[in-house]
Amino acid sequence: MTSIIVHGGAGTYSPGAEHEKALAQACEAAARVLASGGSACDAAVEATVLMENAPVLNAGYGSSLNLNGEVENDAAIMLDDMSCGSVAALHGFANPILAARYVMERTDHVLLVGCGADAFARHAGLVERDQRSPARIERYRRARAKLERGEDIHFMPRLRAFYDELRNDPDWDGERDPESGTVGIVVRDESGRIAAASSTGGMMLKLPGRVGDTGVIGAGTYCDCRGGVSATGHGEPVIRHGMGRALVEAFADVGAAGAMARVMRTACDESFEFGLIGIDATGDVAIGYSTQAMSWAAFEDGVLRTFLSHPIPRST
Ligand code: GLY
């Protein structure tokens with residue numbers, strides 16, 4: 001059985017028709033790659049490139065901006081034979097997932113970061129591009145103004161106090177509604193091969209150099225012969241709890257639906273804000289999120305389904 005699932009992020013945003021279109025196109029592109037004999041890896045990369053190119057999603061062009069108003073991208077890919085590659089804090093490349101694939105296929109390493117990752121991507125001949133879209137710049141301005149007014153930033157309660165320190169630091173050369181949308185995909189092809197991939201601009205106003213869960217194998221991206229997972233949402237708890245690997249381990253015990261229920265119970269007990277998609281070794285798909293909104297599309301048995309959950313007002 002062929003199964004494909006993609007997500008466009010979990011968080012507090014309102015997914016609309018553009019999200020749905022971008023996710024449906026990514027899912028269909030992955031299905032076409034498989035139908036023409038491509039591997040699960042090829043399908044996952046093709047779909048991720050499309051999502052990175054969609055300005056409405058927080059990955060590639062249209063990524064969230066860090067505290068300095070710059071984009072730093074994280075991306076990872078992993079296959080069921082445990083080969084994997086990732087990049088973090090990558091600057092100015094159109095498709096970070098291609099750099100992650102290149103790390104997997106051409107190096108002895110798993111993760112390259114910062115200027116090393118930039119030099120590597122340049123050497124690979126990857127297309128360079130300013131990833132800041134006008135819409136993200138506007139959101140950044142609004143979020144920065146909030147910080148200047150002394151308001152707290154969601155997910156980063158320590159940032160306000162730290163920001164005051166940074167402003168008075170002569171070595172800090174940066175200009176002085178987080179969003180945690182990320183994109184991800186899990187694919188299982190007819191022969192049972194599985195691939196998981198994720199890509200993100202990370203959290204709005206993150207400190208330069210911050211690496212989220214997306215590029216951390218075992219956290220935001222994980223795959224082995226038991227299944228594959230991509231996570232989205234608040235990256236720090238996803239890293240602390242190794243969510244991607246935890247879900248795949250649970251797949252082997254209780255199958256896709258049972259595993260997702262188990263992992264989501266922990267998340268809800270701890271009030272984490274995140275979402276997960278996964279496919280187990282049999283091709284069963286699982287989706288879970290603890291946030292107000294999450295968008296995804298799935299292709300199973302030749303049928304495309306899309307889902308956009310809209311923010312529900314939280315009870316006070
Ligand atoms: N989940 C994306 C991030 O926290 O960077």
Side-chain angles (χ1 to χ4, degrees), residues 6-13 15 19 48 51-52 54 56-60 62-68 70-78 86-91 96-97 99-100 111 113-114 117 131 136 139-140 143 153-159 177-186 196-222 228-247 263-264 267 270-278 287-296:
V6 305
H7 71 75
T12 52
Y13 67 108
H19 281 88
T48 307
M51 293 190 282
E52 289 176 335
V56 71
L57 301 171
N58 177 15
S63 288
S64 288
L65 276 53
N66 68 14
L67 189 60
N68 285 357
E70 295 160 352
V71 169
E72 292 189 321
N73 286 119
D74 303 341
I77 181 153
M78 187 166 192
S86 70
V87 288
L90 182 76
H91 303 94
I97 194 64
L111 169 62
V113 304
Q131 305 280 55
R136 292 287 177 188
R139 279 188 214 181
Y140 166 76
I153 301 294
H154 193 44
F155 290 144
M156 296 189 283
R158 293 177 179 155
L159 182 60
D177 334 329
E179 295 230 336
S180 274
T182 292
V183 305
I185 179 165
V186 186
S198 316
S199 184
T200 191
M203 289 164 67
M204 174 80 83
L205 296 185
K206 66 186 179 181
L207 290 178
R210 177 261 188 186
V211 174
D213 58 305
T214 301
V216 177
I217 297 296
T221 309
Y222 187 72
V229 170
S230 171
T232 168
H234 187 192
E236 279 72 9
V238 174
I239 295 174
R240 282 187 198 108
H241 291 263
M243 285 292 178
R245 189 173 170 126
L247 183 59
V263 169
M264 291 313 296
E270 309 263 351
S271 306
F272 301 158
E273 294 192 32
F274 78 113
L276 292 165
I277 57 168
I287 300 142
Y289 61 99
S290 63
T291 48
Q292 292 181 330
M294 167 117 172
S295 54
W296 54 262

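Values below: all heavy atoms of this structure, side chains included; hydrogens, waters and symmetry mates excluded. In listed order, ligands and their atoms are each counted from 1. The first residue in the sequence is number 1, and the count goes up from there.
- Taking a cut-off of under 4.0 Å to the non-hydrogen atoms of Gly212, the atoms of ligand 1 that pass are 5 (O).
- Atoms of ligand 1 found under 4.0 Å from any heavy atom of Gly202 (numbered from 1 in listed order, with element): 5 (O).
- Not one N or O of Thr200 is nearer than 3.5 Å to an N or O of ligand 1, by distance alone.
- Residue Lys206 places no heavy atom under 4.0 Å from ligand 1.
- Put simply, the side chain of Glu72 does not reach to within 4.5 Å of the side chain of Val211, judged on heavy atoms.
- When ring centroids are compared, His241 and Phe272 come within the 6.0 Å threshold.
- The residue Glu72 has no part lying near ligand 1, judged by heavy-atom distances below 4.0 Å.
- In this model, a donor atom of one side chain and an acceptor atom of the other lie less than 3.5 Å apart for Glu52 and Ser199.
- Between Pro96 and Asp74, the closest side-chain pair of non-hydrogen atoms is not below 4.5 Å.
- Residues forming a side chain to side chain contact (heavy atoms under 4.5 Å, CB included) with Leu111 (at least two apart in sequence, or on another chain): Ser86, Ala88, Val113.
- Taking every non-hydrogen atom of Gly235 and a distance limit under 4.0 Å, the qualifying atoms of ligand 1 come out as 4 (O).
- Short contacts between ligand 1 and Gly233, defined as distances under 4.0 Å to a heavy atom of the residue, involve ligand atoms 1 (N), 2 (C), 3 (C), 4 (O).
- For residues 228-246, the salt bridge (charged side-chain N to carboxylate O under 4.0 Å, His left out) pairs, not counting sequence neighbours, are Arg210-Glu236, Arg245-Glu249.
- Between the side chains of Thr214 and Ser198, not a single donor N or O lies within less than 3.5 Å of an accepting N or O.
- Between Glu236 and ligand 1, not a single N/O pair is under 3.5 Å apart.
- With a 4.5 Å cut-off on side-chain heavy atoms, Met294 and Ile277 count as touching.
- Atoms of ligand 1 lying under 4.0 Å from any heavy atom of Thr182, numbered from 1 in the order shown and given with element: 1 (N), 2 (C).
- With a heavy-atom cut-off of 4.0 Å, Val238 does not touch ligand 1 at all.
- With atom 3 (C) of ligand 1 as the reference point, the heavy atom nearest to it among Ile239, Asp213, Thr214, Thr232 is part of Asp213.
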